[in-house]
Amino acid sequence: MTVKTAVFISNEQIQILRYNKSGKNPAVVNDYIVRDLPERAVFNGVITDRGSLSARIGEIVAENRGVFQNASLILETNSIITKKIPVPKLSERQYRAVAQEELSNNTGDYGDLMFDSQLLNEKSGQFILACAVDKNIVEDYQSIFRDAGVKLEGISFSLDLMIALAKQESQLSEETVVLSVVDGISVHSAIFDKGDYVFSTRARLFADDDESVARRLLESVTSRLQFNKAISKVFFSGVSPEILSLMRDIKSANLEIAIDSYDPRRLVQGGDSLPDNFFYPILGTTVSKTTINLLATHKKSLAPVKTKRVSTGWRLIAAGAAIVAAAALAFVTLQYRQLEKQSAEIEKYLLDPVRIEQMAELDILTDNIGVAGKAVDEAALANTILEDYTVVSTDAINWLFSQGRGIVIRQFSFNAAERTLQLVYNCPSELDSSSYVEAIKTYKEFSGVTYTGYAAETNGSFTFKVLITLVGKEA
């Protein structure tokens, strides 16, 4: 039985899994290796320090002779552009042509691109997963392993393997769920509707402590809900039990969605011997039957290409297929499509490690300014309230200011005839607003609290309004 090797390079580690696979039987773990990478050697799948990554691979080869035999590499990177496209039955070459035609207008200045596709036979119809990737990324990895005496058999990417896992996993194929993978400061999330892939997103995770991480991850959950209200559960991979517990504690009672960990180690025999932080992509190779092989894509891109265009007839058939699939994809709104078109330029802009450092510093500075500004706002507004609206209990005002995390009262008005308070707040996230409203509902001097919803601001914060009805005697 041939031993296969899967190699996964994340932002922080290189993980190597050697396994045996026979027929439809589960793969059997042979052995594994985990090594930390030097800081910033790789960022979102892009090699940023070739020397240190090459040295680490060389160390592994020297310590473990033959470890990379029959090796395939898995990339986790936002430099691979993907799109799910409804298609009729075509040839493999025509599918690639469709992928190139559909993605060419959304790739921006991404360098020398090559295109490929993977056929997705799903419950809602026939689709392809189209992808576009810069040749230089594939050539860089091929070269760095070649220098270490390793010939790679293939290069795949994590989303393709995530889709393969969803087809095999009952957890991911019974409901509408999200699978989110945390890799350092990157979060990669994909939505699946009864096992059918819908779309995926990536986000940055700037946080200094476990509570901040938990809050940022919850914010990513609520943003997914804006596109699909049917989501019933979010699975997290690469998140510690402590952070998962914090997320459950912070989660608002009115956020009706389950949060759980995703551990694919049970898919392989001997998986319990693997470390807790073994990511899903490397285990996805053990269940995937066919994936896009970027090495083969690269080879095809170097071959002479005929200039004959694909017949436009496929478009007419694809239009019919798109109508059939529309019900399943109705929640992919026009707003999301517009954001998707802009994402290529945004992601490229954020890839610069120096800019990432600057953004982290700016995040800390903004938090500090926000704390100071909140103190000034609260002092000035409290004086105004106590001077002009003495009918309101001082205890009630002080209590309002003491509730919530990062909540700032921006506007305040009082209707003496109706005995109501109208307040406009600013807050860091949707979760903070709902948690605050739930808290003030319990105060003894308020007979009613009406929450009128939140709105996003251009600076990333949120505003929301609350109408409070008072009870009790006048002060």
Side-chain angles (χ1 to χ4, degrees), residues 45 72-108 110-135 137-138 153-167 188 190-192 195-201 281 284-285 288-322 324-325 328-329 332 337 340-341 343-344:
S72 293
L73 177 65
I74 304 116
L75 299 182
E76 171 63 70
T77 176
N78 55 9
S79 295
I80 298 178
I81 305 162
T82 60
K83 184 177 182 180
K84 181 180 177 181
I85 304 170
V87 292
K89 186 174 181 180
L90 299 171
S91 68
E92 183 180 340
R93 182 184 293 274
Q94 288 173 319
Y95 286 141
R96 288 199 303 273
V98 171
Q100 180 169 349
E101 189 166 347
E102 289 290 326
L103 292 179
S104 292
N105 295 327
N106 298 319
T107 49
Y110 259 70
D112 189 7
L113 294 175
M114 56 188 190
F115 302 85
D116 211 334
S117 64
Q118 167 77 8
L119 184 61
L120 304 176
N121 289 311
E122 300 193 328
K123 303 180 186 74
S124 55
Q126 184 168 276
F127 300 82
I128 57 169
L129 177 68
C131 77
V133 60
D134 189 338
K135 290 180 185 178
I137 294 177
V138 174
E153 291 192 346
I155 298 179
S156 56
F157 56 96
S158 57
L159 176 60
D160 207 4
L161 296 174
M162 186 188 294
I163 294 171
L165 276 176
K167 299 295 183 185
H188 184 191
I191 294 181
F192 295 94
D196 285 1
Y197 167 69
V198 181
F199 69 87
S200 65
T201 61
T285 60
S288 176
K289 296 178 180 178
T290 57
T291 57
I292 296 174
N293 183 348
L294 296 178
L295 280 184
T297 305
H298 182 261
K299 186 175 181 180
K300 294 170 191 172
S301 70
L302 297 179
V305 179
K306 296 181 180 179
T307 57
K308 181 180 178 182
R309 289 178 55 85
V310 180
S311 169
T312 56
W314 77 269
R315 289 184 173 276
L316 298 176
I317 306 174
V324 175
L329 300 175
V332 183
R337 292 192 183 99
E340 186 183 45
K341 290 180 180 179
S343 66

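Since the model is a prediction, treat every value here as computed from it, not as a measurement.
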Quiz item: Just by modelled atom types, is the Pro88 backbone N or O under 3.5 Å from a matching donor or acceptor in the Gln126 side chain?
Solution: yes
Quiz item: Listed by chain and number, what are the side-chain hydrogen bond (donor to acceptor under 3.5 Å, both in side chains) partners of Thr297, not counting sequence neighbours?
Solution: Asp116
Quiz item: Val133 versus Phe157: any side-chain heavy-atom pair under 4.5 Å?
Solution: no
Exercise. Without swapping roles, check the side chain of Glu122 against the backbone of Phe127 for a donor-acceptor pair under 3.5 Å.
Key: no
Quiz item: Measuring from Thr77:OG1 to Ile74:CD1, what's the distance to the nearest 0.5 Å?
Solution: 14.0 Å
Quiz item: Does the Asn293 side chain pair with the main chain of Ile155, one donor and one acceptor, at a distance under 3.5 Å?
Solution: yes
Self-check item: Gap separating the OH atom of Tyr197 from the CG atom of Asp160, nearest 0.5 angstrom
Solution: 10.0 Å
Self-check item: Side chains of Met162 and Phe192 in contact at under 4.5 Å (non-hydrogen atoms)
Solution: yes
Quiz item: Which atoms form the tightest heavy-atom contact between Ser79 and Ile137, and what is the distance?
Solution: CB-CD1, 3.4 Å
Quiz item: For Ser72 and Thr285, what are the C-alpha separation, side-chain angles and deciding distance, and is it a side-chain contact (heavy atoms from CB on, under 4.5 Å)?
Solution: CA-CA 9 Å; Ser72 293; Thr285 60; 6.0 Å; no
Quiz item: Minimum heavy-atom separation for Ala132 to Leu103, with atom names?
Solution: N-CD1, 3.7 Å
Exercise. Say whether, by atom type as modelled, one donor and one acceptor occur between the side chain of Lys83 and the main chain of Glu102 under 3.5 angstrom.
Key: no
Quiz prompt | Atom pair CG/NZ of Leu294 and Lys300 - distance to nearest 0.5 Å | solution = 10.0 Å
Quiz prompt | Shortest non-hydrogen separation from Thr291 to Ser156 and the atoms involved | solution = OG1-CB, 4.1 Å
Exercise. Could you tell me the separation between the CD1 atom of Ile292 and the CG atom of Leu129, rounded to the nearest 0.5 Å?
Key: 5.0 Å
Quiz item: Partners of Gln118 by side-chain hydrogen bond (donor to acceptor under 3.5 Å, both in side chains), sequence neighbours excluded?
Solution: Thr290
Quiz prompt | Non-neighbouring partners of Asp196 that pass salt bridge (charged side-chain N to carboxylate O under 4.0 Å, His left out), sequence neighbours left out | solution = Lys167
Practice problem: Return the minimal non-hydrogen interatomic distance between Pro86 and Lys84, and the atom names on each side. | Solution: CD-O, 4.2 Å
Quiz prompt | Partner set under side-chain contact (heavy atoms from CB on, under 4.5 Å) for Ser117, not counting sequence neighbours | solution = Tyr95, Arg96, Ala99, Ile128
Quiz item: Mind checking whether Leu159 and Ile80 have side chains closer than 4.5 Å, heavy atoms only?
Solution: no
